[in-house]
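Every value quoted in this text rests on a predicted model; they were computed, and no experiment measured them.
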Amino acid sequence: MTLITADEKLCRILEPNVCTTQRRYEVLKEFQRRDIPTVVWLSPILPYINDMEENLRRILDMCFDAGVKGIKYASASVSLSVRATESIFTRSLTSIFRA
């Protein structure tokens, strides 16, 4: 399942014809309840649009809470922001999955 932003308003702008992040999170939780393993595709990470640390942490928290088994991601690298995004993402995953 794809997640790109925790911001519902931004989700409706970036993905106008799909269900919102909240609805996808609810589906992930239902899969967890039914013991169906899930993987989240965190993409695209768009510089200055959805690459903020708060957004990435909120998405990772949702993934952790929903018991996802894996997270894949890719960045749309057009700025120096990509290095920061990868660092935030890596630190967040490390802190979540070490616990």
### Task
Could you go through the salt bridge (charged side-chain N to carboxylate O under 4.0 Å, His left out) check for E30 and R33 one step at a time?
CA-CA 5 Å; E30 181 62 21; R33 190 182 72 73; 2.7 Å; yes
### Task
List the steps, then state whether side-chain contact (heavy atoms from CB on, under 4.5 Å) holds for I71 with L60.
CA-CA 9 Å; I71 300 171; L60 292 174; 3.5 Å; yes
Separation between [atom1] of [X] and [atom2] of [Y], rounded to the nearest 0.5 Å:
X: T2; Y: K72; atom1: OG1; atom2: NZ; result: 11.5 Å
X: R23; Y: E26; atom1: CZ; atom2: CD; result: 5.5 Å
X: T21; Y: R12; atom1: OG1; atom2: CZ; result: 9.5 Å

Between the main-chain N or O of [Y] and the side-chain N or O of [X], is there a donor-acceptor pair closer than 3.5 Å?
X: D51; Y: Y48; answer: yes
X: E8; Y: Q22; answer: yes
X: N50; Y: D7; answer: no

### Hphob cluster co-occupancy, V18 + L14, side-chain heavy atoms under 4.5 angstrom
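Shared cluster, no.
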### Query
Are L3 and V39 connected in a single hydrophobic cluster, I mean Ile/Leu/Val/Met/Phe/Trp/Tyr linked by side-chain heavy atoms less than 4.5 Å apart?
no
Residue pair [X] / [Y]: nearest heavy atoms and the distance that separates them:
X: M1; Y: L28; value: SD-CG, 3.9 Å
X: P37; Y: K69; value: CB-CG, 3.9 Å
X: M62; Y: A6; value: CE-CB, 3.7 Å

### Query
So I4 and E15, side-chain contact (heavy atoms from CB on, under 4.5 Å) or not? Walk me through it.
CA-CA 9 Å; I4 66 169; E15 299 180 296; 3.7 Å; yes
### Message
Within the structure provided, determine whether C11 and R24 are in side-chain contact (heavy-atom separation under 4.5 Å).
### Response
yes
### Message
Using the rule given for side-chain contact (heavy atoms from CB on, under 4.5 Å), can you reason through I59 versus L42, listing the C-alpha separation, both sets of side-chain angles and the distance that settles it, and then say yes or no?
### Response
CA-CA 8 Å; I59 291 172; L42 181 55; 3.7 Å; yes
### Query
Step by step, would you call I49 with L10 a side-chain contact (heavy atoms from CB on, under 4.5 Å)?
CA-CA 9 Å; I49 296 174; L10 181 58; 4.2 Å; yes
